[in-house]
Amino acid sequence: MPTIDTLIHARWVIPIEPDNTVLDAYSVALDQGRIIDILPTVEARTRYQAKHVVEKPTHALIPGLVNTHTHASMTLLRGIADDLPLMEWLQNHIWPAESRWVGPEFVYDGTQLALAESLRGGVTCINEMYFFPDQAVEAAIAAGARICAGLIVIDFPTAWAANTDQYIEKAIALHDRYRGHPLVTTAFAPHAPYTVSDAPLQRIRTLSDELDIPIHIHVHETAGEIDQSNHVHGKRPLARLEDLGLLSPKLLAVHMTQLTSHEIDRCAELGVHVLHCPESNMKLASGFCQVDALLKAGVNVALGTDGAASNNDLDMFGEMRSAALLGKVVANNASAIPAHTALRMATLNGAKALGLDADIGSLVVGKAADVVAMDLSSIDLQPVYHPISHIVYAAGRQHVTDVWVAGRRVVQDSILTTLSEAAVRTKAAEWHSKISAKVSA
C-alpha cells in the first residue's frame, strides 16, 4: 500500500470536469502538491496509506476558486466612498486617497488582509491589478496563495512609476524576477482605454506576445466610457483595441457591460476572455454584462469581485449567486446561467482565462492540489438534494472549512494556518486610524 501525503474522504466530490458532475462518497488523494487519484472512498481506504487522513463526511470538495479581477490592497479602503457613480467615485475619492496613502507597506498589508478574507472564502488564486505588484506577490507567497500579478501601466505618474516607460521597465523586471515561481504568474495590466494611450498599448501588445502573458484591462465598463471614446477617438473602445491588435486570446476584458451583438461576435471570433464582476457593476450602476449571450457565442466568461472598495467584499460565492440570478434577468430566461455554469465560471473558466487551466480550476488527476472543503450539514442548508445548486444558491463562504493550495493546508477547520488573523487585524486597524483621521479632518 503506497504512502501519500493526504487523503480526503468526502460526502461529495464536484470535479467540474466533466461538467455538472457530482461524485457520491468519493475521496481525493494528494501527494507532492498534486492530485494523484479520485476514487470511491471504500476503495481509497484500502488502496492508500496517508500521512494525513482528513474525514469530511458531510462536506463537498470543489476546486479552489479563481478570482479573476481584484485590486487586493484596496481592502484598506473598504467602505470609504460608497453609493457613488464610477467616475465621481474614482476622481473625487479613490484617486486622491491612493495618491496620499498607496506605497509598499499599504499594498503588502492590504493584500494580506485581502488574502486572509479570500483564503477563508475558498479563493486559492487571484488575478491582481494594482500598484507595487512586487509587494502583492510577496504577500501572496507568504500566505501560500496563487497570484497572477498585474503589471500595471497607466499614462499618469503615481508612487509606483513616473511615466509609461518606467511602468513597462518595472513590469519586465518583475516578470523576470518571478518567472518559474510555482505560485506566481504575471499579466500586463493597462488600467483602461481611457487612461492608457495608443503607444504604450502597442508596446504592451508586442511584449505580451514576446513574453507569452495575458493583458488584463478594464473595458466597456460604462456608457460614459463609450461616449468619451467616440468623442476622443471616433470609435468605441473595443474597436480601438482591435485596431491596435489587442483583441486576441491574450486579452482579459474586465466588466464588458456595454456590448453590441457585433462586439460579442468579434470577441468570440478572436478568443477574448470576459471577466465578469456582477456585484461591482451593480453597486456602481455601470450596466449589465450579457453573460448568456457571450457564453452562447462561445466566449469564455470568468468571475471576479473587483476591489473591496467597490463591492465591498471579496466573496466569490456571492459573485456566483449574483452572476446566476442577474444573468437570468438580463437574458429574460430562467434557464440561463445554471448553477453548474456559475460554479465553472468561478473555477475552470477563470483558470482558462489566466492560461492556468492545465494546472488548476478542476479536480482532475495530475492537476495541482488546490482543493476546498465545504460543510453542507448546517441547519440553513437542509435538506441537500443537488449539491451544486446548493453551493451556488444556498451555501456561502461561511461554509468553507478547509482549503489546500498545491497540497498545503492553508485553512484548517476554518482557521488560517499561513497568516496570523490577529496580526492582520492589527495592521488593518492601524491603517483605519490613519486614513479615517485624514478623511475626518
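Residue numbers start at 1 and run along the sequence shown.
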> Do the side-chain N and O atoms of Glu319 and Thr305 include a donor-acceptor pair separated by under 3.5 angstrom?
Replying inline: no
>> If I compare all heavy atoms of Ser27 with all of Leu7, which pair ends up nearest, and what's the gap?
In response: CB-CD1, 4.4 Å
> In this structure, are over 12 heavy atoms from other groups packed under 6.0 Å from Gln382 atom CD?
Replying inline: yes
> Between Val403 and Gly122, what is the shortest heavy-atom contact and its length?
Replying inline: CG2-CA, 4.2 Å
> Does Ala429 offer a backbone N or O that forms a donor-acceptor pair with the side chain of Ser433 under 3.5 Å?
Replying inline: yes
>> Using the ring centroid of each side chain, check whether Trp12 and Tyr26 are separated by less than 6.0 Å.
In response: no
> Does Gly110 offer a backbone N or O that forms a donor-acceptor pair with the side chain of Thr75 under 3.5 Å?
Replying inline: yes
> Under 6.0 Å between the ring centres of His69 and His216?
Replying inline: yes
> Between the side chains of Trp431 and Asp109, does any donor sit under 3.5 Å from an acceptor?
Replying inline: yes
> So, His255 versus His220, ring centres under 6.0 angstrom or not?
Replying inline: no
>> For the backbone of Lys250 and the side chain of Ser248, can you confirm whether one donor and one acceptor N or O come within less than 3.5 Å of each other?
In response: yes
>> I'd like to know if the side chain of Ser99 and the backbone of Pro96 have a donor-acceptor N/O pair within less than 3.5 Å.
In response: yes
> Hey, what do you get for CE (Met129) to SG (Cys148), rounding to the nearest 0.5 Å?
Replying inline: 10.0 Å
>> Is it the case that the side chain of Asp357 and the backbone of Leu348 share a donor-acceptor pair, with hydrogens and angles ignored and the cut-off at 3.5 Å?
In response: no
> Any donor-acceptor pair under 3.5 Å linking the side chain of Trp89 with the backbone of Ala81?
Replying inline: yes
>> If you compare all heavy atoms of Ser280 against all heavy atoms of Asn311, which two are closest, and at what distance to 0.1 Å?
In response: N-ND2, 4.4 Å
>> Counting the benzene-type ring for Trp, do His71 and His218 have ring centres under 6.0 Å apart?
In response: yes
>> Please check: side-chain N/O of Arg11 versus main-chain N/O of Ala25, any donor-acceptor pairing under 3.5 Å?
In response: no
> If you count the non-hydrogen atoms of other residues, nucleotides and ligands that lie under 6.0 Å from NZ in Lys352, is the total more than 12?
Replying inline: no
> Looking only at heavy atoms, what is the nearest atom pair of Ala353 and Leu275, with distance?
Replying inline: CB-CD2, 4.0 Å
> Taking all non-hydrogen atoms of both residues, which atom of Asp370 and which atom of Ala406 are closest, and how far apart?
Replying inline: OD1-N, 2.7 Å
> Counting N and O atoms only, with roles assigned by atom type, does the side chain of Arg146 sit under 3.5 Å from a partner on the main chain of Pro182, one being a donor and the other an acceptor?
Replying inline: yes
>> For Leu246 versus Leu201, what's the shortest heavy-atom pair and its separation?
In response: CD1-O, 3.7 Å
> Got more than 12 heavy atoms from elsewhere within 6.0 Å of CZ, Phe288?
Replying inline: no
> Among Val13, Ile388, Val372, which residue meets the side-chain contact (heavy atoms from CB on, under 4.5 Å) test with Ile62?
Replying inline: Val372
>> Measuring centre to centre across the rings, with the benzene-like ring taken for any Trp, is Trp160 within less than 6.0 Å of Phe132?
In response: yes
> Hey, does the side chain of Arg321 reach the backbone of Ala395 with a donor-acceptor pair shorter than 3.5 angstrom?
Replying inline: yes
> Any donor-acceptor pair under 3.5 Å linking the side chain of Ser208 with the backbone of Ile213?
Replying inline: yes
